[in-house]
> 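Let me begin by handing over the structure; questions about it come next.
Positions are given from 1 along the sequence.
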Amino acid sequence: MSLEIPAELLPTDGRFGCGPAKIRPDAVAALASGGRTLLGTSHRQQPVRSLVQRVREGLATLYGLPDDFVVVLGNGGSTAFWDIAVSSLISRRSAHGAFGEFSGKFAKAAAAAPHLAEPVVTSVEPGQVVLPEAAEGVDAYAWAHNETSTGAIAPVRRPAGSGDALVLVDGTSAAGTVPVDFDQVDAYYFAPQKGFGSDGGLWFALLSPAAVTRMEKIAASDRWIPEILSLKLAHDNSVKQQTLNTPSLATLVLMAEQLDWMLAAGGLEFCTRRSAESSAHLYQWAEHHASATPFVARPEWRSPVVGTVDFDSSVDAAALAATLRSNGIVDVEPYRKLGRNQIRVGMFPAVEPDDVRALTVCIDWALPRL
Ligand SMILES: *Cc1c(COP(=O)(O)O)cnc(C)c1O
């Protein structure tokens, strides 16, 4: 090890990744103990169905979800949900706001589909935010609530003039922290390995009545939909507290534990406050630092959950991240394809604000010694 950061400066937990992100030690302990009655048991029997129900109801409670929305889940993570939306929610043509890797990937999935017209894609440089604009013939509008690859947070609101087109928002890193107005969205979908401090492999979608109607209509049409991409099959299983095929039970246990923790601590308001405290510290530190600046220039676009900080040429951010890693502070490397002299810090509700403060202390200790 090149540099050893004094132990008294280190955070209590050194996991600052943006997905997979920190899983609370208490949740892991619950998996080891309580999990014994669930792990390795049938997902068609009552104990696992009760677990699925606990997660679905926990999400509805956390969000204060309107009664006519439905919580649907399935296998394959958010990436699978893009293809599910392409198969089961977009009738003919979608429009996308693309402002980073993830919002761009959904646009690519729609463009690749032979049964859809070419999508309308509005793109901006990483670090900025763009929502799709209303356009003729578009029946679904899509963007990411939080662009995890850049640390930019976008609003969730129906584009003016979008009529009865669906609004599909990727909430993968914002979910569990940032509130959502469910009048403004028809499918709010995410995976549990970020804000929900769980493991990957599943997707969840909070669906409006309009989204369910669209799903039914497309399912009844002559479009070929592989079973694993059928939102209707996922929906029909979910309302019976099941999944089409075997889910990761460990992921569900961790998710249920995290939801219980969030709700007991004060719900979404508590989560929002914790991440706001962590991110306010990180951005203030970066703004006052001689060689650092927040990557996202406009303060209202700075994500409360994924903080990106650029360094000037006096700092080798990769060497900094490697030094931190050798001291047990992991996953502050920037999104690989962004290619910037940067660190990226996950500040989901599971992360202690004091640990974010300790992180910047460790960076300030390490920088002059690199
Ligand atoms: C991580 C992430 C994804 C991909 O999630 P997977 O579960 O790995 O498919 C998609 N969108 C956003 C915004 C993400 O942060």
> Can you confirm if the aromatic rings of Trp301 and Phe295 lie within a centre distance of less than 6.0 Å?
no
> Determine the minimum heavy-atom distance between Phe106 and Ala142, stating which atoms define it.
CE2-CB, 3.5 Å
> Against Ile343, only a single residue in Leu324, Asp310, Val309, Val315 fulfils side chain to side chain contact (heavy atoms under 4.5 Å, CB included); can you say which?
Val309
> Considering only heavy atoms from C-beta outward, does the side chain of Leu89 approach that of Ile218 to under 4.5 Å?
no
> Is there a side-chain contact between Leu73 and Arg56 in this structure, where contact means two heavy atoms from C-beta onward sitting under 4.5 Å apart?
yes
> Treating Ile, Leu, Val, Met, Phe, Trp and Tyr as nodes and any side-chain heavy-atom pair under 4.5 angstrom as an edge, say whether Leu259 and Val28 lie in one connected cluster.
yes
> Determine yes or no for a side-chain-to-main-chain donor-acceptor pair under 3.5 angstrom, with Ser88 supplying the side chain and Met215 the backbone.
no
> For the rings on His289 and Trp285, is their centre-to-centre separation under 6.0 Å?
yes
> Is the centre of the Tyr188 ring less than 6.0 Å from the centre of the Phe69 ring?
no
> Kindly compute the distance separating CG (Asn245) from NE2 (His43), expressed to the nearest 0.5 Å.
7.0 Å
> Can you check whether Glu147's main-chain N or O pairs, donor with acceptor, with Ser303's side chain at less than 3.5 Å?
no
> If you count heavy atoms of other groups shown closer than 6.0 angstrom to CD of Glu227, is the number above 12?
no
> For a quick check under 3.5 Å, do His281 and Thr360 share a side-chain donor-acceptor pair by atom type?
yes
> Does Lys105 offer a backbone N or O that forms a donor-acceptor pair with the side chain of His96 under 3.5 Å?
no
> Taking Thr272 for the side chain and Thr177 for the main chain, is one N or O donor matched with an acceptor at less than 3.5 Å?
yes
> Is the backbone of Ser208 close enough, under 3.5 Å, to the side chain of Asp186 for a donor and an acceptor to pair up by distance?
no
> Should the pair Phe102 and Trp82 be assigned to parallel (<30°), tilted (30 to 60°) or perpendicular (>60°) ring geometry?
tilted
> Using atom types as modelled and distance alone, determine if a side-chain donor or acceptor of Asn327 lies under 3.5 Å from a backbone N or O of Leu3.
yes
> Using modelled atom types and a 3.5 Å cut-off, is there a donor and acceptor pairing between side-chain atoms of Asp139 and backbone atoms of Arg92?
yes
